[in-house]
Structure formats: C-alpha cells, structure tokens
Amino acid sequence: MISARGRGTARFAAAAVATGLLAAGAIAGAGTAVADEHNQQPGGAKATLNGLKVSDFAVIDGKKKVGAGLFEMTVDGGGTLKTYCIDIYRPTQSKARYEEVPWKSSLLQGNNEAGKIHWILQNSYPQVNDLAALARKAGADTLTEKTAAAGTQVAIWRFSDKVNVEAVDPNAEKLADYLQKNAQNLAEPQSSLVLDPPVVSGKAGQKLGPITVNTNAESATIAPAAEATGAGVKVVGKDGQEVTSVKNGDQVFFDVPAGAEDGTAALTVEAATKVPVGRVFTGVGQHAESQTQILAGSSDSTVTATATATWATKGPIPAVTAEKNCVKGGVDVTATNEGDEPFSFSLAGKEYEIPAGGSETVTVPVQEDQAYKITITGPNGFSKTFEGILDCKTDSEVTTGGNGGGEESPKPSTEPSPATVGGDSGEDADGNLAETGSNSSTPIIAGVAVALVVLGGAAVFLLRKRKPANGTDS
C-alpha cells in the first residue's frame, strides 16, 4: 500500500465498456476504424472499490507502518466483494474501477506460491468467521475482526510481494505466522463467468461458433434484442434450437440466415453467483494503476460476459482478439480467418497473411507498467484497436528486482494511506508519520503507442462500434 517512486506515472488505459444487449447490423464498404478499447477479458465481475473497511496495522522492514486489512467493493448490477491487497507498494485510488481476471493476466503469473495465497483466503478471516477457533489454531490469545484481517493481509503479502512485513498487534502476528507456516498450494479457482472464444466469424447461412460458457453459476441468461430478431440472427445451441439460458460447459452459436447482409452481432450472458474466493481483480481504465486485489469473500453478485460474431458472403472473414501474456511480457493478438480468401494484415510493423480457415497469434512486446495501443488494420477501412497497461509484477518486484524488502525497497509517496480510514495514520517504528500511499486523485494519463499500423488487402466489412452497457468495463 506504499507508492513506489521511480515508477512511471504516465499511464494510459481505456474505460470503454462492453455491450449489454444482443445487436446486429448490416455493414458494407469502407468505414471508420473501430476501437475496442478494453476488451482483453471476455467476462466476469466488474466492481468499484469502496476502500479499506476492516483493518489494523503492519510494519514493513521494521520501519514503516501501514494499514493492513480487508477492502470492500460494490459489484455492477448488485453484490458486494471483500478483498485483500496483493501489491503492498502500490496505492489504491478512491472509487477505482476493477474487473475480474485470471492469474495468468495478473501479477500472480509466475508466482509459484500463488496457490498458498488461495489457501490462506480459504482458511482465515472472513471465510473463517469463528475468530475464537481461529485464535486457538494460531496460538493467539484473542482475535478481533481488525486483527484477524491484519494478520491475514500480512501473511498474504509475504507470498505475493516477498516482503519483510509483520503485524503490529502480537495476536495478529501469530495468525500471520500460523498461516504462512501452514499454507499449501491450491489450484486457481474457476472464473465466475467467461465465454471462449469471445469473438467468432464465418459466412452468412452458417452457425458461427461454438462459444463455450464457463461459469460457476448454476445457470445464466442470454439477453434478447429486437435488433437481432429483426436481422434474423438467433443464438442457438448444438441442436440448432434457440436458447435463452445456459449452464457451465454449454456451447452456443450465432445462427445467421443465408442472404444476410455482411454484418456483426453481439451477445451478453449474465448470471448471479458468488464469485469464487481467490479470483484476482485489477484496476481498469484511468484506475489501471490502483493496487491489485484478490477476492476473500462474495455475496451473490451479477457477472456478465460478452461475445461477438462477424459474417460476410465471401472473401476473408477475420476475427481478432487480444490477451495480455505476462509470461512473454506482451500482448497476444490472435487473428483467425473463416472466409474463402486469405486475410492479410500488418501488426507491429510486420506483414502477415492467414489462409482461409487459418489462425495466427502474434505477441507484441510491451514493457512492464507501460501503456499500449495496438491496432490491426485491414482493407476497406477494417481496423481494430486494443488498449491497456501491462501490469504483471508487484511494485516490489519492479523496484527491487524481485527481492521485496531488500536494500532498494521502494520509497513511500506523500499521499495519505488507506490506514487513515477512521482517523488513524500510518507511522514509522519510532512514531513518525509514514508517507504512505492512497491516491484519490485521477492519475496522469498519457498514451504510449506500441503499434499503430496500416495495411493493404481485401475484406468486405468492418466491425461496427458497439454501444457500451451501463456499469461494465469489458
């Protein structure tokens, strides 16, 4: 929760949201480019950070006192989440917007002890709310909600940030030691809701897909729309029958009638479920640098996922997606071609061609904490842009080279800490006020272009920009 100096402040990310309805429209000839400004994650919960709600104190390197405890988020569409921080040296932002992401797209990628954080979440507060029993296991005299939250947060930081951190309260410290000693690697939890793949394409007169539904909810609904009905496009199952509800593992298709004008459609699946403990939440849009959170508890919450389809009668018919690749340090741009002619495109200064029925993934390198804007363009005005920030490491890793708590530990900022909630202030071990970080102001935003390219070739459509739904980020 302390802001690292030397960290780049110029960061750019989009705050576009995904459509919440099923829509279809005819497209012909060239047109303006379409910017898919934040669509790397095809589904899950979206929420707003309300702040640090249950906390006590911890000390880093025996010097800096910081707030340690449980945050609360409000879910778009209804629901409440409780989270812990997994990036100790990064500040929070007031009312920051967050979205659910897989571990591989977060700073937990490459952390061989990430599963131990999941174990701590399952075996401590608030999942374990019998604090007397938890105190006995930890060898503590007593635990309150505040000290239990602080002890749990400290244990998590030891695995997420690899820092030398201790709880101020002796009983909270005993809990942290107990959790650290007994933690075991658990598997990553299932996503609340995701569609795979989020983009499909094909010829009119065919079923475009399949799109597989992955969710922990018992069932989910597909939103109807007059636009799709008017164009004759239906969402159907394997048997070709129209569907309005789905469950985990179901496959759905866009059924586009023969003779339909070249066009595009989108569907949204929605469900009410408890988001699985251990899911990661990262800041989005102008809040992309707000500290990463990990889920400790969830009420029944609204989760959504969106998929799109594009069709044409002839020529190349591409579908393009992008996903952060923390292992390779970049963004994977995948293009598939379901048409009957090759699809040629240019990306990051290079030319590519995908044969009919082919697919290719290109990893565009991006530096850690760098804003990116990646555009793939095509003939007749086809253009698709992906924007965001590559955030794959904790601030302790970025500043100390992975040796969190080392000699070159990040210096705190001058912003107030989340520890000031309720009137308390962060202090160093000698009683002096620590300059800890929680920023309620909007961060400096600056675009850093990674690839902005132009290409030639042939295609007969472009993707129509979709209308954002209220309260979603992707």
Side-chain angles (χ1 to χ4, degrees), residues 17-24 39-47 75-81 99-105 118 122 127 186-202 206-229 233-256 265-281 295 297-309 319 321 323 466 469-474:
V17 295
T19 179
L21 294 175
L22 182 64
N39 59 355
Q40 282 81 2
Q41 302 306 332
K46 289 85 178 174
V75 180
D76 296 355
T80 301
L81 307 178
E99 70 176 0
E100 178 186 349
V101 301
W103 288 4
K104 68 178 182 180
S105 298
H118 187 193
Q122 295 286 2
Q127 288 300 305
L186 299 183
E188 178 179 1
Q190 181 184 10
S191 61
S192 62
L193 177 62
V194 69
L195 301 178
D196 182 29
V199 180
V200 294
S201 64
Q206 297 179 344
K207 292 193 300 181
L208 311 185
I211 299 167
T212 303
V213 178
N214 297 300
T215 181
N216 73 326
E218 293 184 1
S219 65
T221 60
I222 298 178
E227 293 93 337
T229 303
V233 179
K234 298 178 180 179
V235 179
V236 300
K238 286 183 177 181
D239 58 3
Q241 297 299 308
E242 192 168 2
V243 294
T244 57
S245 65
V246 289
K247 62 182 184 303
N248 184 51
D250 283 353
Q251 292 184 331
V252 297
F253 303 76
F254 289 88
D255 189 359
V256 182
L267 67 83
T268 288
V269 178
E270 181 176 297
T273 186
K274 284 183 170 64
V275 182
V277 169
R279 294 296 290 174
V280 171
F281 283 78
L295 189 69
S298 170
S299 68
D300 284 339
S301 300
T302 300
V303 295
T304 59
T306 301
T308 61
T321 60
E323 182 179 25
R466 301 191 305 273
N470 293 331
T472 59
D473 274 306
S474 67

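Considering all non-hydrogen atoms of both residues, Ala272 and Ala217 come closest at O-CB, 4.3 Å. Residues Gly237 and Lys207 approach most closely at O-NZ, 4.0 Å, considering heavy atoms. Here the closest heavy-atom approach between residue Thr80 and residue Ser301 is recorded as N-OG, 3.8 Å. Residues Leu295 and Val275 share a closest heavy-atom pair of CD2-O, 3.1 Å. Smallest separation of non-hydrogen atoms from Pro189 and Trp103: CD-CZ2, 3.7 Å.
Between Ile211 and Phe254 there is a side-chain heavy-atom pair separated by less than 4.5 Å. Side-chain contact between Leu267 and Leu195 is present, with at least one heavy-atom pair separated by less than 4.5 Å.
Lys274 meets the salt bridge (Lys or Arg N to Asp or Glu O under 4.0 Å) test with Asp300; sequence neighbours excluded. In this structure, the side-chain contact (heavy atoms from CB on, under 4.5 Å) partners of Thr321, at least two apart in sequence or on a different chain, are Pro198, Val199, Thr334. Residues forming a salt bridge (Lys or Arg N to Asp or Glu O under 4.0 Å) with Lys104 (at least two apart in sequence, or on another chain): Glu323.
No donor-acceptor pair under 3.5 Å is formed between the side chain of Lys234 and the backbone N or O of Gly240. Judged by distance alone, the side chain of Lys46 and the main-chain N or O of Thr304 form a donor-acceptor pair under 3.5 Å. Side chain of His118 to main chain of Glu188: no donor-acceptor pair is present (N/O by atom type, distance under 3.5 Å, no hydrogens or angles). Side chain of Glu100 to backbone of Gly43: no donor-acceptor contact under 3.5 angstrom is found. Although no hydrogens or angles enter the test, the distance criterion places a donor-acceptor pair under 3.5 Å between the side chain of Thr215 and the main chain of Ser192.
Test Thr273, Asn248, Leu193 against Asn216 for side chain to side chain contact (heavy atoms under 4.5 Å, CB included) and you get one pass: Thr273. Each of Val269, Val235, Thr221, Thr212 was scored for a side chain to side chain contact (heavy atoms under 4.5 Å, CB included) with Val246, with one residue passing: Val269.
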